[in-house]
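Worksheet: the structure to be examined is printed underneath.
By convention in this document, chain letters (A, B, ...) are assigned in the order of the sequence lines, proteins followed by strands, and residues within each chain are numbered from 1. These numbers come from a predicted model, not from an experiment.
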Number of protein chains: 2
Amino acid sequence: MNFERRNTGSKRASATLLSRAERLCRDKNLRFTPMRRRVLAELAASPEPLTAYDLADRVREEKRVAPVTVYRALEFLLDAKLIHRIVIRNAYTPCDHAPHHDATPVFLVCTHCGTVEEIPSETFQHDLSGTIAEVGFRPKSRVFEIEGECARCAKRQPASAI
Amino acid sequence: MNFERRNTGSKRASATLLSRAERLCRDKNLRFTPMRRRVLAELAASPEPLTAYDLADRVREEKRVAPVTVYRALEFLLDAKLIHRIVIRNAYTPCDHAPHHDATPVFLVCTHCGTVEEIPSETFQHDLSGTIAEVGFRPKSRVFEIEGECARCAKRQPASAI
DNA sequence: CGATAGAATGATATAACATAACAGTCAACG
DNA sequence: CGTTGACTGTTATGTTATATCATTCTATCG
Ligand SMILES: [Zn+2]
Ligand SMILES: [Zn+2]
Ligand SMILES: [Zn+2]
Ligand SMILES: [Zn+2]
């Protein structure tokens, strides 16, 4: 993999996400504890999604933590819609969209640099819902994830030499 | 189309799938070994997707096998497009569609009875591809999975009492 | 037929991801 | 204060997947 040109992970993005989290927790009377903040900060600072064990390793550099502690923080952040789980990676990534859209986004996961792009899916989801209603299925949660090559990586090696 | 009467583990469905596998392997000069046949038969006979360890347990009733052996059979069957992996379940299910369609199907996974329904997604995928091209992403593989209540289960307990 | 090369499987170990169970800590509130 | 509920610590275990190397099978060729 080539991680030279990482996007995100900037101080700007981290600060934005952290202050958003603070506001949200104040408003909803949730507790934005040091552990939760720390986990969210690590995710916001990473150019690619991190697994729970990745996070445990990073937090451990400062303070001993067991994986289960990280999983609890992740659960909180997922419930608060501050992060998403990337199922095909067993990993977690901060949410890119400030007030979160209603429809489940589509995640584009780059096999080359590992970055994840989150794109809204209102229209597709609407179209799909017709077909799904036809077969009588009542959806509760969705996973739309696509693996491939992101624009930046495609540009750098155009022929996509596997 | 009517998807209600899906693979419920009937001998009919199993036989169909197994003979399809045999034909396909003969045509492509692949080896449809006893282990691969056995794993496919177990999947075809199950009303819901099975994990590799589920499969190992079932095969073990007749003959001792290690999980890795099952994983190898699954890999073969996945490559041959005879089965699919249901990512949100870490489980495997036979493919319902005889000559497999080109687009990645959408899988509807029932949280109540565990069954999986495979539906084509040509239009959905087509719509998505426009947006994805806009951001310069080159897709290689896709996961579209929706969790919810299937028609049969919705019928049995209409109010969907959680 | 017997040698042999490649594919498949066996066997063991370990990695990677996730949860259970219970004890201790801390903050809020009356 | 003392109680209560939320959070975290600690240990153990469950679940899913892969690495590595030895052995067996199968097709092919001399
Ligand atoms: Zn989001
Ligand atoms: Zn990339
Ligand atoms: Zn299929
Ligand atoms: Zn059902």
Ignoring hydrogens and geometry beyond distance, is the side chain of Tyr53(B) in donor-acceptor contact with the base of dA17(D) at under 3.5 Å?
yes
Could you walk me through whether Phe107(B) and His84(B) pass the ring-ring contact (aromatic ring centres under 6.0 Å, His included) test, one step at a time?
CA-CA 10 Å; Phe107(B) 295 100; His84(B) 296 290; 5.0 Å; yes
With DNA chain D as reference, determine whether Val65(A) or Ala91(B) sits nearer its 5' end, using the nearest nucleotide of each.
Val65(A)
Asp54(B) CG to dA17(D) C1': how many Å, rounded?
14 Å
Looking at Asn90(B), does any N or O in its side chain come under 4.0 Å of the phosphate oxygens OP1/OP2 on dT15(D)?
no
Nearest whole Å is fine: how far is dA18(C) P from Leu78(A) CG?
11 Å
Figure out the CG/C1' separation between Leu50(B) and dA17(D), and round it to whole Å.
17 Å
Just to confirm, is there a sub-4.0 Å distance from OP1 or OP2 of dT15(D) to any side-chain nitrogen or oxygen of Arg89(B)?
no
Under 4.0 Å between any heavy atoms, over every strand shown, what does Phe76(A) touch: base, sugar-phosphate, or nothing? Just pick one.
nothing
Whole-Å distance, Leu30(A) CG to dG5(D) P, equals 18 Å
Which residue, Pro67(B) or Pro34(B), contacts DNA chain C at a nucleotide closer to its 5' end, judged by nearest heavy atom?
Pro34(B)
Length of the CD1-C1' vector between Ile88(B) and dT15(D), whole Å:
17 Å
Please report the distance, rounded to the nearest Å, between CE in Met35(B) and C1' in dT26(D).
17 Å
Using 30° and 60° as the class boundaries, would you call the ring planes of Phe144(B) and Phe124(B) parallel, tilted or perpendicular?
perpendicular
To the nearest Å, how far apart are Arg38(A) CZ and dT8(D) C1'?
16 Å
What do the steps show when you test Thr115(B) against Glu48(B) for side chain to side chain donor-acceptor pair (under 3.5 Å), and what is the final call?
CA-CA 5 Å; Thr115(B) 57; Glu48(B) 52 188 297; over 6 Å; no
Considering just the side-chain nitrogens and oxygens of Thr69(B), establish if one lies under 4.0 Å of OP1 or OP2 belonging to dT9(C).
no
Between Tyr71(B) and dG10(C), is there a side-chain N or O to OP1/OP2 distance below 4.0 Å?
no
On the nucleotide dT12(C), are OP1 or OP2 found under 4.0 Å from the side-chain N or O atoms that Arg64(B) carries?
yes
Identify which nucleotide among dT9(C), dT11(D), dA11(C) has an atom closest to any side-chain atom of Arg36(B), counting heavy atoms from C-beta outward.
dT9(C)
No-H, no-angle donor-acceptor pair, Arg72(A) side chain to dG9(D) base, under 3.5 Å
yes
What's Ala66(A) touching, base or sugar-phosphate or nothing? Going by heavy atoms closer than 4.0 Å.
base
Cationic N near anionic O, under 4.0 Å, Glu62(B) to Arg38(B):
yes
Between atom CZ in Phe32(B) and atom P in dA7(C), what is the gap in whole Å?
20 Å
Distance, nearest 0.5 Å, that separates NZ of Lys140(A) from NE2 of His112(B):
8.5 Å
